[in-house]
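None of these values were measured; they are calculated from a predicted model. Just so you know, ligand 1 is whichever comes first in the structure, and atom 1 is the first atom listed for that ligand.
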Amino acid sequence: MQRIRLTDELTFSRIVYGMWRLGDDADTSEGHVRAKIEACLEQGITTMDQADIYGDYGAEEILGRALTPELRDRIEIVTKCGIVAPAGRYADRRVKHYDTSSAHIRASIDHSLRLMGIDRIDLLLIHRPDPLMDHAETGAALDAAVESGKVRAVGVSNFRPHDWTLLQSAMDTPLVTNQIEMSLCHTAPFTDGDLAFLQEQGVAPMAWSPLGGGRLMRPGTEGGGLFDALSAVAEAQGVDPGAVAVAWLLAHPAKIMPVMGTNALERIATLGTALKVEMDRQTWFALYTHALGHEVP
Ligand SMILES: NC(=O)c1ccc[n+]([C@@H]2O[C@H](COP(=O)([O-])OP(=O)(O)OC[C@H]3O[C@@H](n4cnc5c(N)ncnc54)[C@H](OP(=O)(O)O)[C@@H]3O)[C@@H](O)[C@H]2O)c1
């Protein structure tokens, strides 16, 4: 498995396992969660993506119950904060909102550490750009989080370039990634400057919902014969269509780290095959053409 360098001391596996849907699985037992992590580790997938809000603020606890000290030391844990929805510990809030205040970030970090039973988060992301973000306050809070040792590195998610520049301008610590939606269902970042900006920053992005949350894997849900095109490439190379969709992201020079969300053990066990898919320029453009619904101009 390839590794991506985020800081001098922190590297991630090229493919990341996402835990948004962890609580949706019929089996959330410690043994089953551990089996999923072990299936990742067998392929060299060591990076696990969490967020405080996943599973109505419950997914971190599900992971925490499954972690042994030995297992924790074999993985990198990403988590996020900043979304406050009226659920779980925020059940009394009137409206879903964002909170990037220093007090909220500090409290979220402490909740995440406690729920996962760990003493350090490897990467903390601000989950969404907050229209009320006071960049000086948020930036100082992120610097302080790293300084405190509770967080090894910080980054953002769903930020546009101007959101990134504003926050970074108020920080000493470098932001190390932006986790954004990217897939053959969501190709805008390839041309709207978002990906180009991250390349210019020398930052490898993480791609959420790389299979479009499963839409790409259901024949007929994406127009333009995309599923059939993915299946044809998959058949020729002896892999499944999902591996081809992921390989399409991996082929981009920005060093995209796809964050895979399957709960199915048998799918987890083959996530690494995406790295073996050959994706030449014409195959890449053929899939892109299907995604766009027309050939490139
Ligand atoms: N930063 C953000 O704002 C943000 C937003 C969304 C997600 N994320 C992160 O990204 C991760 C991945 O998101 P995602 O779960 O939407 O990713 P995804 O990998 O695009 O989609 C996973 C879904 O696709 C289904 N699927 C996968 N392979 C399939 C197949 N061959 N046939 C049918 N269905 C298939 C899975 O069902 P099975 O479980 O049955 O395989 C699952 O429901 C999340 O866990 C989270 O960590 C971040």
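A donor atom on one side chain and an acceptor atom on the other are found under 3.5 Å apart for T46 and R3. At a cut-off of 3.5 Å, with distance as the only test, no side-chain donor of S209 or E181 sits close to an acceptor on the other residue. No side-chain donor-acceptor contact under 3.5 Å links S112 and D52.
Nearest to atom 24 (O) of ligand 1 among the protein's heavy atoms is G214 CA, 3.1 Å. Distance from atom 12 (C) of ligand 1 to its nearest protein heavy atom, with residue and atom name: V259 O, 3.0 Å. The single protein non-hydrogen atom nearest to atom 27 (C) of ligand 1 is L211 CD1, 3.7 Å, given as residue, atom name and distance. In terms of protein heavy-atom proximity, atom 19 (O) of ligand 1 is nearest to G261 N, 3.1 Å. Of all protein heavy atoms, the one lying nearest to atom 39 (O) of ligand 1 is N263 N, 2.7 Å. Atom 16 (O) of ligand 1 has S209 OG, 2.6 Å as its closest protein atom, hydrogens excluded (heavy atom only). Of all protein heavy atoms, the one closest to atom 31 (N) of ligand 1 is R267 NE, 3.3 Å. In this structure, atom 47 (O) of ligand 1 lies nearest to the protein heavy atom D49 OD2, 2.6 Å.
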Q: Under the side-chain contact (heavy atoms from CB on, under 4.5 Å) rule, what do E147 and D143 come out as? Steps first, then yes or no, please.
A: CA-CA 6 Å; E147 184 71 21; D143 280 342; over 6 Å; no
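In this structure, H252 and W284 have tilted ring planes: the angle between them lies in the 30° to 60° band. Relative ring orientation between F197 and W164 is described as perpendicular, the plane-to-plane angle rising above 60° on a 0-90° scale split at 30° and 60°.
A salt bridge does not link R34 with E38: every distance from a Lys NZ or Arg NE/NH1/NH2 to an Asp or Glu carboxylate oxygen is 4.0 Å or more. Contact check on R160 versus D192 returns a salt bridge, with a Lys/Arg side-chain nitrogen under 4.0 Å from an Asp/Glu carboxylate oxygen. Taking the charged nitrogens against the carboxylate oxygens, D163 and R128 have no contact shorter than 4.0 Å, which rules out a salt bridge.
Contact annotation: for H127 versus ligand 1, heavy atoms closer than 4.0 Å belong to the side chain alone. Of all the heavy atoms of N158, the ones lying under 4.0 Å from any atom of ligand 1 belong exclusively to the side chain. Under 4.0 Å from ligand 1, the heavy atoms of M19 that appear belong solely to its backbone. By the criterion of a heavy-atom distance under 4.0 Å, both the backbone and the side chain of P210 are placed next to ligand 1. Of the heavy atoms in R128, only side-chain atoms (C-beta onward) come closer than 4.0 Å to ligand 1. Heavy atoms of S157 found under 4.0 angstrom from ligand 1 belong exclusively to the side chain.
In this structure, Q50 falls outside the shell of residues with a heavy atom less than 4.0 angstrom from ligand 1. Distances from ligand 1 to the non-hydrogen atoms of R218 include no value under 4.0 Å. Ligand 1 does not have R215 within reach: every non-hydrogen atom of the residue lies 4.0 Å or more from it.
The two residues L167 and V156 make their nearest non-hydrogen contact at CD2-CG1, 3.7 Å.
When the heavy atoms of Y54, Y17, W208, W20 are ranked by distance to atom 44 (C) of ligand 1, first place goes to W20.
Proximity of T273 to Q43: side-chain heavy atoms (C-beta onward) are nowhere separated by under 4.5 Å. Contact annotation: the side chain of Q179 approaches that of D49 to within less than 4.5 Å [non-hydrogen atoms, C-beta and beyond].
Numbered from 1 in the order shown, with element, the atoms of ligand 1 that lie under 4.0 Å from a heavy atom of Q179 read 1 (N), 2 (C), 4 (C), 8 (N), 9 (C), 48 (C). Near G18, the atoms of ligand 1 lying under 4.0 angstrom from a non-hydrogen atom of the residue are 45 (O), 47 (O). Of all atoms in ligand 1, numbered sequentially from 1 with element shown, those under 4.0 Å from a heavy atom of T262 are 38 (P), 39 (O), 41 (O). Less than 4.0 angstrom separates some heavy atom of K80 from each of these atoms of ligand 1: 1 (N). Heavy-atom proximity to M217, at under 4.0 Å, picks out these atoms of ligand 1: 28 (N), 29 (C), 30 (C), 31 (N), 32 (N), 33 (C).
Under the rule for a side chain to side chain contact (heavy atoms under 4.5 Å, CB included), the partners of V296 that lie at least two apart in sequence or sit in another chain are F285, Y288, L292.
Considering both main-chain and side-chain atoms, R21 comes within under 3.5 Å of ligand 1 through a nitrogen or oxygen pair.
I4 belongs to a hydrophobic cluster with L6, L10, F12, V16, V78, L123, L125, V176, M206, M257, V259, counting contacts under 4.5 Å between side-chain heavy atoms of Ile, Leu, Val, Met, Phe, Trp and Tyr, direct or through other members.
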